[in-house]
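All of these numbers come straight from a predicted model, not from anything done at the bench. Just so you know, residue 1 is the first one in the sequence shown, and it goes up from there.
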Amino acid sequence: MTSYEQAYRRSLEDPDGFWGEAAAAIEWERAPQVVLDASRPPFTRWFPDGRMNTCHNALDRHVAAGAGERPALVHDSPVTGTTEVVTYRELRDRVAAFAGGLRELGVEQGDRVVLYMPMVPEAVVAMLACARLGAVHSVVFGGFAPAELAARIDHAKPKVVVTASCGIEPSRVVEYLPLLRRAMELADHEPDRCVVLARPQAPVTLGPQDVAWEDVAAADPVACVPVDATDPLYVLYTSGTTGRPKGVVRDNGGHAVALRWSMENVYGVAPGDVFWAASDIGWVVGHSYIIYGPLLQGCTTVLYEGKPVGTPDAGAFWRVVAEHGVDVMFTAPTALRAIKKEDPKGAKLAEHDVRTLRHLFLAGERLDPETYQWARDLLGIPVIDHWWQTETGWAIAADPVGLEELPVKAGSPTVPMPGYDVHILDEAGRELPAGEQGSIVLREPLPPGCLATLWGDDERFVQSYFSAFPGHYLSGDGGYRDEDGYLFVMGRIDDVINVAGHRLSTGAIEEVVAGHPAVAECAVVGVADALKGQVPRGFVVLKAGVEAAPEQVEAELVARVRDMVGPIACFRRADVVQALPKTRSGKILRGAMRAIADGRDEPVPSTIEDPAVLDALRPLLTD
């Protein structure tokens with residue numbers, strides 16, 4: 001039996017023993033005597049009697065161990081032409097002072113703080129400062145529109161919002177304060193204060209609720225606040241199939257244990273290694289593997305304020321690897337496809353010495369075999385797909401290179417990681433044999449690090465994830481396992497699509513489209529895209545008597561989605577059609593439309609009302 005197989009079996013047969021040993025790498029104010037409490041499924045509680053602080057484990061303990069002068073954070077910003085290196089001691093001191101400033105603003109243990117920040121060191125400081133106080137941070141990606149931000153403010157009810165004057169794109173400066181102030185107008189909840197980091201690219205005039213970043217950061221430092229392992233560390237919102245955001249709750253203890261274990265065993269990195277997750281702090285990858293995972297392991301983490309291409313060219317990633325000696329890198333397949341489009345032969349790679357790079361990990365969407373092969377041949381190192389979700393916080397399936405490197409199969413994220421009991425079920429809940437595709441589910445209990453519940457909505461937590469197949473977490477993805485136990489993830493089984501690694505609800509986009517005064521009904525489906533993995537396509541039926549040209553309506557719809565959902569939706573096409581295909585009960589056949597657009601020849605549902613409608617759409621769907 002291999003090392004991986006031993007670990008996997010032990011994690012399922014003896015979870016207390018396996019994860020209890022993993023927890024020994026974390027410093028506890030009170031060490032847990034109970035590892036797992038699964039007495040109230042599906043609300044699994046890991047280390048329920050333990051007390052600790054995540055910020056202490058990420059910063060203070062490394063300083064105390066003599067690693068204070070080790071680089072903790074490298075901020076590389078090609079959009080501003082600057083680089084900053086922050087040691088563990090410097091980062092601890094900045095975090096302790098900002099935590100003191102938040103406390104002076106009234107933030108205490110259990111309070112929420114919303115962060116609406118670009119990729120700057122201050123964003124990392126703010127997140128860790130919340131953890132230091134036992135406050136709950138909720139990071140909102142800077143690209144979200146005011147309505148989306150307002151919904152999250154109303155749901156989390158933060159005491160304080162932390163923001164910056166702007167984010168910086170390759171071709172423009174995005175001012176955050178006007179977006180935040182519009183969101184505050186839309187929201188019912190009113191935070192007490194707003195902390196504003198002024199960047200030179202967008203000077204600000206502070207309002208009556210605003211306080212300058214430097215004033216908060218000048219406070220007296222405070223110590224870490226011990227919290228229960230089961231207390232929430234953060235809330236991260238993810239799209240639901242209804243368009244109503246779901247606030248994934250991550251606990252402190254299980255999260256720290258799982259991320260610390262994954263850094264060593266999944267990614268194969270040791271303290272002092274340089275780890276780069278080329279993502280954004282607004283997404284789960286940024287939480288897990290820009291901030292918490294690398295710092296818990298004592299690594300140097302890279303915070304990159306740039307793009308894979310355009311800052312300045314398709315060699316940007318290779319420059320960062322070379323300049324900072326990156327040992328292990330993690331990004332999305334979309335980034336590689338963008339680089340491949342601009343530099344298919346890899347000429348830019350030859351300009352940089354990337355010999356430090358041992359492994360390239362990819363996640364966030366399905367890694368197509370062509371992109372995998374291109375990256376592997378170009379870099380000459382293992383290129384490793386792995387699969388996980390906002391809800392799980394770390395890999396469900398991967399190739400655990402730090403434990404035992406397994407053979408790679410193109411199109412597969414390899415095998416389930418310890419703690420994840422993966423099954424493939426049909427619609428009736430029956431286990432499917434190897435090679436047959438069905439719903440990918442995880443048998444309870446979920447391992448440490450997975451979501452504890454949904455913020456303020458235990459009932460929705462159960463309904464969303466555990467009602468379809470009792471005793472099992474519904475991943476929402478479909479796929480199969482082959483005869484060797486390798487998992488193949490084929491795509492979503494609901495209407496949440498994956499645009500360049502960003503999960504977006506087509507239902508939420510439909511609501512925006514349907515709000516246009518000319519639209520009678522509409523459908524938005526995710527279709528395959530060579531660069532971004534998936535993009536939304538709209539199909540609209542206009543109201544009778546509308547005289548506007550289809551081109552005008554399309555332009556207005558694209559602008560409307562960009563304004564109300566955000567440019568990350570990549571909604572660029574909305575075709576005006578005569579009718580939408582429906583069942584006799586009136587349900588729009590989105591699945592059939594999506595299959596045609598993706599070139600799949602699937603049978604038309606027998607419940608279709610008028611097959612001619614679907615046939616009339618085929619030329620548009622395949623265009």
Side-chain angles (χ1 to χ4, degrees), residues 16 19-37 43-68 72 88-89 91-113 115 124-138 158-160 219-236 249-261 287-288 291-298 393 448-453 455:
D16 283 14
W19 290 113
E21 292 168 12
I26 300 299
E27 287 191 2
W28 303 85
E29 195 245 359
R30 183 177 68 221
Q33 302 302 306
V34 178
V35 174
L36 170 63
D37 176 5
F43 298 96
T44 302
R45 288 159 48 89
W46 287 95
F47 318 111
D49 59 340
R51 283 180 64 80
M52 48 86 74
N53 182 278
T54 297
C55 181
H56 170 82
N57 277 278
L59 299 178
D60 298 64
R61 73 184 179 99
H62 300 306
V63 177
Y88 270 92
R89 187 183 309 279
L91 187 56
R92 182 206 58 184
D93 292 348
R94 290 168 66 173
V95 167
F98 193 76
L102 288 178
R103 178 172 287 173
E104 290 179 1
L105 296 180
V107 176
E108 298 290 347
Q109 181 179 347
D111 289 335
R112 275 78 62 206
V113 177
L115 311 181
V124 180
V125 169
M127 292 172 72
L128 290 165
C130 291
R132 194 172 192 86
L133 293 174
V136 181
H137 64 69
S138 184
K159 181 164 283 187
V160 170
D220 291 335
V222 295
C224 294
V225 175
V227 298
D228 289 344
T230 53
D231 282 344
L233 172 67
Y234 69 77
V235 176
L236 182 60
V249 176
R250 196 82 64 208
D251 67 5
N252 275 272
H255 173 258
V257 170
L259 291 192
R260 167 65 179 74
W261 188 92
H287 283 58
S288 292
I291 314 298
Y292 289 111
L295 297 179
L296 287 165
Q297 178 69 337
C450 293
L451 76 169
T453 186
W455 184 257

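Side-chain contact check for Val63 versus Leu59: every heavy-atom pair is 4.5 Å or farther apart. Between His287 and Met127 there is a side-chain heavy-atom pair separated by less than 4.5 Å. Between Asp111 and Leu102, every side-chain heavy-atom pair lies at or beyond the 4.5 Å cut-off. Annotation: side chain of Val95 is in contact with side chain of Val125 (closest heavy-atom distance under 4.5 Å). At least one side-chain heavy atom of Val225 sits under 4.5 Å from a side-chain heavy atom of Arg103. Side-chain contact between Ser138 and Trp455 is absent, with no heavy atoms from C-beta onward closer than 4.5 Å.
Not counting sequence neighbours, the partners of Ala99 by the side chain to side chain contact (heavy atoms under 4.5 Å, CB included) test are Ala129, Arg132, Leu133, Val222. With sequence neighbours excluded, the residues that form a side-chain hydrogen bond (donor to acceptor under 3.5 Å, both in side chains) with His137 are Tyr292. Applying the side chain to side chain contact (heavy atoms under 4.5 Å, CB included) test to Ala219 and every residue at least two apart in sequence or in another chain returns Glu104. Arg89 pairs by the side-chain hydrogen bond (donor to acceptor under 3.5 Å, both in side chains) definition with Glu69, not counting sequence neighbours. By the side chain to side chain contact (heavy atoms under 4.5 Å, CB included) test, Ala97 pairs with no residue at all, sequence neighbours left out. For Asn53, the side chain to side chain contact (heavy atoms under 4.5 Å, CB included) partners are Cys55, His56, Cys224, not counting sequence neighbours. Qualifying salt bridge (charged side-chain N to carboxylate O under 4.0 Å, His left out) partners for Arg92, counting only residues two or more places apart in sequence or in other chains: none. Evaluation of the salt bridge (charged side-chain N to carboxylate O under 4.0 Å, His left out) rule for Asp231 yields no partner, not counting sequence neighbours. Under the rule for a side-chain hydrogen bond (donor to acceptor under 3.5 Å, both in side chains), Asp251 has no partner lying at least two apart in sequence or in another chain. With sequence neighbours excluded, no residue forms a salt bridge (charged side-chain N to carboxylate O under 4.0 Å, His left out) with Glu27. Applying the side-chain hydrogen bond (donor to acceptor under 3.5 Å, both in side chains) criterion to Asp37, with sequence neighbours excluded, gives Ser39.
Residues Gly393 and Arg250 share a closest heavy-atom pair of CA-NH2, 3.5 Å. Shortest non-hydrogen contact noted between Tyr88 and Ala58 is CE2-O, 3.3 Å. Residues Pro48 and Thr230 come closest through the heavy atom pair CA-CG2, 3.9 Å. Shortest non-hydrogen contact noted between Gly134 and Val227 is CA-CG1, 3.8 Å. The minimum heavy-atom distance between Gly293 and Leu259, with the atom names listed, is N-CD1, 3.8 Å. For the pair Val113 and Cys130, the tightest heavy-atom approach, listed with the atom from each and the gap, is CB-SG, 3.7 Å.
Evaluation of the salt bridge (charged side-chain N to carboxylate O under 4.0 Å, His left out) test over residues 46-55, restricted to residues two or more places apart or in two chains, returns Glu29-Arg51, Arg51-Asp228.
When each of Val35, Ile26, Val34 is tested with Phe47 by the rule side-chain contact (heavy atoms from CB on, under 4.5 Å), just one qualifies, namely Val35.
Looking only at distances, a side-chain donor or acceptor of Arg112 sits under 3.5 Å from a matching main-chain atom of Gly110. In this structure, Trp46 contributes its side chain and Cys450 its backbone to no donor-acceptor pair below 3.5 Å.
Here the CD1 atom belonging to Ile291 is positioned 13.0 Å from the OG1 atom belonging to Thr54, to the nearest 0.5 angstrom. Rounding to the nearest 0.5 angstrom, the gap separating the CG atom in Leu91 from the CG atom in Asp93 is 9.0 Å.
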